[in-house]
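Residue numbers start from 1 in every chain, and the chains themselves are labelled A, B, ... in the order their sequence lines are given, proteins ahead of strands.
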Protein chains: 2
Amino acid sequence: VFESLLVDNDRLAERNRGFFRAKRLLAVNLVSSPGAGKTALLEKTLERLQADPDHRAAVIVGDLETAQDAARIRKAGAPAVQITTGAVCHLDAEMVAGGMEQLDLDTVKILFIENVGNLVCPTAFDLGEDLRVVLLSTTEGEDKPLKYAPMFRTADLVLLSKSDLASAVDFDRETALAHIRQCAPKADILETSAKTGQGLEEWISYLKNRVQDI
Amino acid sequence: VFESLLVDNDRLAERNRGFFRAKRLLAVNLVSSPGAGKTALLEKTLERLQADPDHRAAVIVGDLETAQDAARIRKAGAPAVQITTGAVCHLDAEMVAGGMEQLDLDTVKILFIENVGNLVCPTAFDLGEDLRVVLLSTTEGEDKPLKYAPMFRTADLVLLSKSDLASAVDFDRETALAHIRQCAPKADILETSAKTGQGLEEWISYLKNRVQDI
């Protein structure tokens with residue numbers, strides 16, 4: 001049953017992908033544990049992107065309950081749709097397609113999809129995205145790439161978030177980087193702090209380069 | 001299909017519960033996001049419990065991959081069985097029963113079950129436990145009880161972990177406590193830090209009281 005669910009999802013993901021190509025939109029799927037800082041990163045990212053008419057973004061946000069994150073995103077200046085999944089621990093391609101219908105995607109270059117906070121469930125669900133970004137916060141520990149390897153293996157980019165807290169939690173950066181490279185040898189890695197701004201310029205440049213490639 | 005899975009799980013959970021009653025064992029199911037500090041809490045807890053012949057514990061640990069946590073637990077002096085779930089984002093009653101067979105449960109009073117790090121999937125899976133403990137670390141943010149309300153609603157005890165990092169992350173304690181109480185009005189709440197030892201004596205007393213009630 002799970003397999004046939006995935007077959008259906010993969011078809012709808014391809015439809016999303018076709019839609020993104022036609023609109024020349026970069027679709028970015030953000031996944032992580034709860035509380036790794038996806039929304040905080042988006043707030044800081046959108047402050048920068050929305051000021052640039054060539055790189056405006058819209059956001060689809062997934063959560064089990066509450067519409068708090070979409071409200072935070074709108075406050076940061078971007079159009080946002082909240083999807084509440086109830087008991088479902090990931091977004092799927094159909095939910096994303098439903099969210100897309102509620103957004104004006106002709107005026108934006110990037111569609112961020114902030115997935116449900118979960119390092120397992122979103123792994124197998126292609127949303128049609130161009131870029132899968134896995135956030136790992138320094139407070140979660142260096143061992144997480146090995147423990148949640150299936151997710152890290154699907155990453156195009158790993159964002160090591162909350163770099164400002166690294167010393168407070170005795171974060172072993174070299175070990176964490178080695179574990180990420182072990183699971184995701186082809187993934188890019190950036191280190192960011194939404195609080196101090198560290199790495200945000202690199203992250204924005206990374207996105208803009210990807211927009212250019214489309 | 002999911003419903004029939006749960007019916008099967010509930011039957012096996014009752015069998016586990018009967019087994020725990022017969023052995024006069026307190027079974028504790030620990031759930032949280034990845035990196036909220038379940039293993040670190042257990043390490044400090046076991047250092048204290050294993051020194052007391054009346055309150056020795058054994059541990060069943062679930063992870064998608066790796067056996068690191070069981071190794072950490074054994075180093076802390078307790079017998080431990082690692083269950084690797086592959087792509088499954090929670091333990092179920094059958095996996096726990098399999099783990100129990102590999103442990104000598106006649107010499108212990110507490111069986112800790114460290115679930116897969118996930119604030120969604122373990123929610124509906126009864127393991128036959130006496131006590132469900134949901135850890136929420138200060139670094140995850142005050143909004144998580146509302147976003148992952150289904151899990152918090154099932155908590156007997158919420159442990160606010162990493163209290164030592166509260167000021168570094170501008171943690172709003174009153175808001176977090178209000179959100180926990182909103183979702184889990186009957187749950188007990190303790191604040192702990194495995195690093196500084198804050199709250200560990202209360203947590204140990206809490207467990208010992210529960211052992212006495214059995």
**Study point:** Residue Leu165(A) versus chain B: region with a heavy atom under 4.5 Å
**Key:** side chain
Check your understanding: Would one find more than 12 heavy atoms of other residues, nucleotides or ligands at under 6.0 Å from atom CD of Glu94(A)?
Key -> no
Practice item. Heavy-atom distances under 4.5 Å only: say whether Ala87(A) touches chain B with side chain, backbone, both or neither. Key: backbone
Review point. So which part of Lys147(A) gets closer than 4.5 Å to some heavy atom of chain B, the side chain, the backbone, both or neither?
Key: both
Point to revise | Heavy-atom contact with chain B under 4.5 Å, split by part of Asp69(A) | key: side chain
**Study point:** From Glu140(B) atom CD to Glu140(A) atom CD, the distance as rounded to the nearest 0.5 Å
**Key:** 8.0 Å
Check your understanding: Of the listed residues (Gly35(A), Cys89(A), Gly86(A)), which shares the most heavy-atom pairs with chain B below a 4.5 Å separation?
Key -> Gly35(A)
Practice item. Could you grab the distance from atom CG of Asn118(A) to atom SG of Cys121(B), nearest 0.5 Å is fine? Key: 5.0 Å
Practice item. Taking the side chain as every heavy atom from C-beta outward, state whether Lys162(A) and Val169(B) have any pair of such atoms under 4.5 Å apart. Key: no
Practice item. Find the one option among Leu64(B), Val116(B), Asp143(B) whose heavy-atom pairs under 4.5 Å with chain A are most numerous. Key: Leu64(B)
**Study point:** Lys144(B)/Glu65(A) salt bridge by N-O under 4.0 Å criterion
**Key:** no
Check your understanding: Hey, does Thr139(B) have a side-chain heavy atom less than 4.5 Å from the side chain of Ser137(A)?
Key -> no
Exercise for review: Please answer whether the main-chain N or O of Gly117(A) pairs with a side-chain N or O of Tyr148(B) as donor and acceptor at a distance below 3.5 Å.
Suggested key: yes
Practice item. Just give me the residue among Ser33(A), Pro34(A), Gly141(A) that pairs up with chain B most often, heavy atom to heavy atom, under 4.5 Å. Key: Pro34(A)
